[in-house]
Amino acid sequence: MTKAAVSVIPALMNPYRHFIGVIVAALQGMQASGELPPSLDFSAITAEPPRDPAHGDIATNAAMVLAKSAAKKPRDIAEPLLARLKADADVVDGAVAGPGFINLKLADAFWRARLAECLKEGIAYGDSQMGAGQKVNVEYVSANPTGPLTVAHARGAVVGDALANLLDKAGYAVTKEYYINDSGAQVDKLGQSTYLRYKEALGETIGEIPTGLYPGEYLKDVGTAIAKRDGARWIDKPEADWLPEMRSFAIATLMAEIRTDLETLGVRIDVFSSERALVESGAVDRAFETLTRQKLIYQGRLEPPKGQKPDDWEDREQTLFRSTQFGDDVDRPLKKSDGSWTYFANDIAYHHDKFVRGFADMIDIWGADHGGYVKRLKAAVSAITGKKGELDVKLCQLVRVLKNGELVRMSKRAGTFETLRDLLDEVGPDVVRFTMLTRKNDAAFDFDLVKATEQSRDNPVWYVQYGHARTRSVMRQAAAAGIGIDGLVTAPLDRLSDTGELALVRLIAQWPRQVEAAALAHEPHRIAFFLYDLAAAFHAHWTRGSKEPELKFVIEGDADLSRARLALVQAVGFVIGSGLKVFGVTPVDEMR
RNA sequence: GCGCCCGUAGCUCAACUGGAUAGAGCAUCUGACUACGAAUCAGAAGGCUAGGAGUUCGAAUCUCUUCGGGCGCGCCA
């Protein structure tokens, strides 16, 4: 049993972050000896894997970044810096390249030590302290409780959930939140629509559902349920009597269905916030007062929109918020003509409430059709939190459902796709989740039902799952061959010396950095591409073994070597499993 | 008319947030199974990053501009 004699990186497994520290220390040494001026900004220095692996293991831009403020040529900084970096125990070679990059080659043992960490951590490998327990609120889905979740909601649900999981892994204290829009005109219409279905359930002929109300068939069940519970009690009563009851019953029923759908999708929300409760608590009034004290509220008039002037435009004085002071295009109204709060006013109060609950970091996941709303809410958050709170809005672009390249019509009448439930029934939650995460959120997305379930390299879900299953398959084979696959943490990893093996080891060591980078950027889709690359590297190495028998994982008569290689295979499985966990996708042990 | 998002290989998408020779898959062409899963792998070919100008050591990325697409534009949520 040999233990690699390399530096341990305590509680910080991202080797690149570690080397930024090493580089900064070396630069400070140069400052102490007068080679560099005393006050320099090191914050722009990066340490990353070079694009071309032939350049080495770590590339830093330090010399180029500092050149200007140090009044030196990049190479005149790079040369002495490189000399100092070469003294580091883990660095075996280095060179200055191009305009002033410093490329470092690290000892194989350094990378094997990262593999050892992965084996020790298992699925938890890549967990980071970066977030330092800071509270983050991720609000997503937040679909109106006026009908079942649609395919369009699915993307936001998946992106939000994966982002929340990712931030959690990166060390943030994450709360997953759903804002229920159970206040305002829309839910009143829901209540009215429900009343019609209620009367229908009691045998009345209601005819066509009037325009403006919700015609969906799903409300029939709700009406029937109320009829069953209350009988004819609401018939011939004024609207003021039955509306609150119809409304709340419908909301409760539909929210229950939404929760069930989310559950099936694997989304578990921590906090459901009610808009109605918020308004009734007086939170909106308080937010309004706060803004008033800051002199950000005034009575004024707005210009009608240039493009399409509403027919019923009526120039009137209204209560406006000075969102232009915070980067918005025009000031925004907070009160409707009847004196009640606008949705915007409620939303200000809601985000203020989040801030009061301790969330300075807020992330909202919205559909692209709300794009015009981003500036004003960011402005409001900035104002109401005294610039201490920060809101990031991720807009999810449209999802189109295709079947073999043909657009599937989203029409209820045609009996085709519309709801998330339909999508889940067709391809299952794992495929929905992974596939939705293979694209940047701000790019439009075509979801092809056929391609998403295809078993080929063209389909990332399948390919990554296959990679995971293959790691397990190798383990099963090894066990059958009589190799002990327990306690691989203690396997002699220094027996790993083939370039393909070491390339895999390096890739595994990238995982903690990938987690941190994706979390910082709020971009969970990066994980999908990393997992795909890792799976590809693993499949490639696997195939080499079928051509060159000495590269097989199990080598007869050499248990140590076999165990070292199996440890590598296990680590690949851990990283894929770790990534799939972030995505909320079940890793499979076997392909069917 | 204004604001936001997008434009990268024939097609679908990446590019570590300003880094080195812009990368994958599909499709096309050439190869590899006495199977630790060939549902895979190795290779070839494919690009003026929509066009133009600017910023700097360095631009697909930042700024300006033109073109083309999506979304939105008081008292809906």
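A, B, ... follow the sequence lines: proteins, then strands. Residue 1 opens every chain.
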Checklist entry - Going by the angle between their ring planes, with limits at 30° and 60°, are A:Phe447 and A:Phe445 parallel, tilted or perpendicular? => result perpendicular

Checklist entry - Should A:Glu139 and A:Lys354 count as an ion pair when the cut-off is N to O under 4.0 Å? => result yes

Checklist entry - Within this structure, what is the CD1-to-P distance between A:Ile77 and B:C57, rounded to whole angstrom? => result 13 Å

Checklist entry - Quantified in whole Å, what is the C1' atom distance between nucleotide B:U63 and nucleotide B:G18? => result 14 Å

Checklist entry - So what does A:Arg476 hit on the nucleic acid, given a heavy-atom distance under 4.0 Å: a base, only sugar-phosphate, or nothing? => result nothing

Next on the checklist: Between B:A59 and B:G52, how many Å separate the two P atoms, rounded to a whole number?
Outcome noted: 15 Å

Item to check | A:Lys378 side, atom NZ; A:Lys375 side, atom NZ - distance, nearest 0.5 Å | outcome: 10.5 Å

Next on the checklist: For the backbone of A:Gln570 and the side chain of A:Thr471, can you confirm whether one donor and one acceptor N or O come within less than 3.5 Å of each other?
Outcome noted: no

Item to check | Same-atom distance (P) from B:C62 to B:A20, integer angstrom | outcome: 16 Å

Checklist entry - Who is the Watson-Crick or G-U wobble partner of B:G1, with both distances under 3.5 Å? => result B:C73

Next on the checklist: Angle between ring planes, A:Tyr179 versus A:Tyr343, binned at 30° and 60°: parallel, tilted or perpendicular?
Outcome noted: tilted

Next on the checklist: Rounded to whole Å, please give me the gap between OH in A:Tyr466 and C1' in B:A38.
Outcome noted: 8 Å

Checklist outcome for this item: Among B:C76, B:U56, B:C6, the one nearest any side-chain atom of A:Lys68 is B:U56

Checklist entry - Counting any heavy atom closer than 4.0 Å, what does A:Gln397 reach on the DNA or RNA strands: base, sugar-phosphate only, or nothing? => result sugar-phosphate

Next on the checklist: I'd like the P distance from B:A45 over to B:A22, given in whole Å.
Outcome noted: 14 Å

Checklist entry - In whole angstroms, how far is the P atom of B:G70 from the CG atom of A:Asp446? => result 14 Å

Checklist entry - Are the side chain of A:Arg247 and the backbone N or O of A:Val187 linked by a donor-acceptor pair below 3.5 Å? => result no

Next on the checklist: Mind checking if A:Val474 touches a base, just sugar-phosphate, or nothing, with heavy atoms under 4.0 Å?
Outcome noted: base

Checklist entry - Can you give one letter per nucleotide of nucleotides 19-35 of chain B, going 5' to 3': B for a protein heavy atom under 4.0 Å from the base, S for sugar-phosphate only, - for none? => result BB---SSS-----S---

Item to check | Distance, rounded to the nearest Å, where A:Met591 contributes CE and B:A38 contributes P | outcome: 13 Å

Next on the checklist: If I pick the C1' atom on B:A27 and the same atom on B:C33, what distance separates them, to the nearest angstrom?
Outcome noted: 24 Å

Checklist entry - Which part of the nucleic acid does A:Glu454 contact within heavy-atom distance under 4.0 Å: base, sugar-phosphate only, or nothing? => result nothing

Item to check | Separation between the C1' atoms of B:C16 and B:A60, rounded to whole Å | outcome: 15 Å

Item to check | Length of the CZ-P vector between A:Phe19 and B:C16, whole Å | outcome: 22 Å

Item to check | Face-on cation placement of A:Lys336 at A:Trp341 ring, 6.0 Å and 45° thresholds | outcome: no

Result block: side-chain N/O donor-acceptor pairs under 3.5 angstrom for residues 527-544 of chain A, not counting sequence neighbours:
{"residue": "A:Tyr532", "atom": "OH", "partner": "A:Arg457", "partner atom": "O", "Å": "3.1"}
{"residue": "A:Tyr532", "atom": "OH", "partner": "A:Arg457", "partner atom": "NE", "Å": "3.3"}
{"residue": "A:His539", "atom": "ND1", "partner": "A:Arg470", "partner atom": "NH1", "Å": "3.0"}
{"residue": "A:Thr543", "atom": "OG1", "partner": "A:His539", "partner atom": "O", "Å": "3.0"}
{"residue": "A:Arg544", "atom": "NH1", "partner": "A:Asp498", "partner atom": "OD2", "Å": "3.0"}
{"residue": "A:Arg544", "atom": "NH2", "partner": "A:Asp498", "partner atom": "OD1", "Å": "3.4"}

Checklist entry - If you look at every strand shown and take non-hydrogen atoms under 4.0 Å, does A:Lys375 touch a base, only sugar-phosphate, or nothing? => result sugar-phosphate

Next on the checklist: Whether the side chain of A:Arg563 engages the backbone of A:Val554 through a donor-acceptor N/O pair (distance < 3.5 Å, no angle test) should be reported.
Outcome noted: no

Item to check | Atom-to-atom span, CG of A:Asp347 to P of B:C75 - whole angstrom | outcome: 13 Å

Checklist entry - Who is the Watson-Crick or G-U wobble partner of B:A27, with both distances under 3.5 Å? => result none

Checklist entry - Hey, does the side chain of A:Tyr463 come within less than 4.0 Å of B:C41's phosphate (OP1/OP2), counting only N and O? => result yes

Next on the checklist: Return the pairing partner of B:A35 with a 3.5 Å limit on both distances, Watson-Crick or G-U wobble; otherwise return none.
Outcome noted: none

Checklist entry - Base, sugar-phosphate, or nothing: which does A:Gly367 touch, judged by heavy atoms less than 4.0 Å apart? => result nothing

Checklist outcome for this item: Mate of B:G7 across any strand shown (Watson-Crick or G-U wobble, both atom pairs under 3.5 Å) is B:C67

Item to check | Watson-Crick or G-U counterpart of B:C16, or none if no pair lies under 3.5 Å | outcome: none

Item to check | Side-chain N,O (A:His370) to OP1/OP2 (B:C73) below 4.0 Å | outcome: no

Checklist entry - Which value, in whole Å, describes the distance between the P atoms of nucleotides B:C6 and B:A50? => result 12 Å

Checklist entry - With a non-hydrogen cut-off below 4.0 angstrom, is A:Glu523 in contact with a base, only sugar-phosphate, or nothing? => result base

Checklist entry - Do NZ/NE/NH1/NH2 and the carboxylate oxygens of A:Asp93 and A:Lys105 come within less than 4.0 Å? => result no

Checklist entry - What is the base-pairing partner of B:U49, counting Watson-Crick and G-U wobble geometry with both distances under 3.5 Å? => result none

Next on the checklist: Strictly by Watson-Crick or wobble contacts shorter than 3.5 Å, is anything paired with B:U61, and which nucleotide is it?
Outcome noted: none

Item to check | Main-chain N/O of A:Glu275 paired with A:Asp182 side-chain donor or acceptor, under 3.5 Å | outcome: yes

Next on the checklist: Does A:Ala517 reach a base, just sugar-phosphate, or nothing at all? Heavy atoms under 4.0 Å.
Outcome noted: sugar-phosphate

Checklist entry - A:Arg544 near the nucleic acid: base, sugar-phosphate alone, or nothing, with a heavy-atom cut-off under 4.0 Å? => result nothing

Checklist entry - A:Phe445 CZ to B:C13 P: how many Å, rounded? => result 8 Å

Item to check | Euclidean distance for C1', B:G31 against B:C71 (whole angstrom) | outcome: 48 Å

Next on the checklist: Does A:Lys73 reach a base, just sugar-phosphate, or nothing at all? Heavy atoms under 4.0 Å.
Outcome noted: nothing

Checklist entry - Within the structure, does a side-chain N or O atom of A:Arg470 lie under 4.0 Å from either OP1 or OP2 of B:A38? => result yes

Checklist entry - Contact class for A:Arg439 (heavy atom, under 4.0 Å): base, sugar-phosphate, or nothing? => result sugar-phosphate

Checklist entry - CG of A:Asn14 versus P of B:C16: gap in Å, rounded? => result 16 Å

Checklist entry - 5'-most contact on RNA chain B: A:Leu395 or A:His541, nearest heavy atom basis? => result A:Leu395

Checklist outcome for this item: Between A:Arg376 and A:Ala443, whichever has its closest RNA chain B nucleotide further toward 5' is A:Ala443

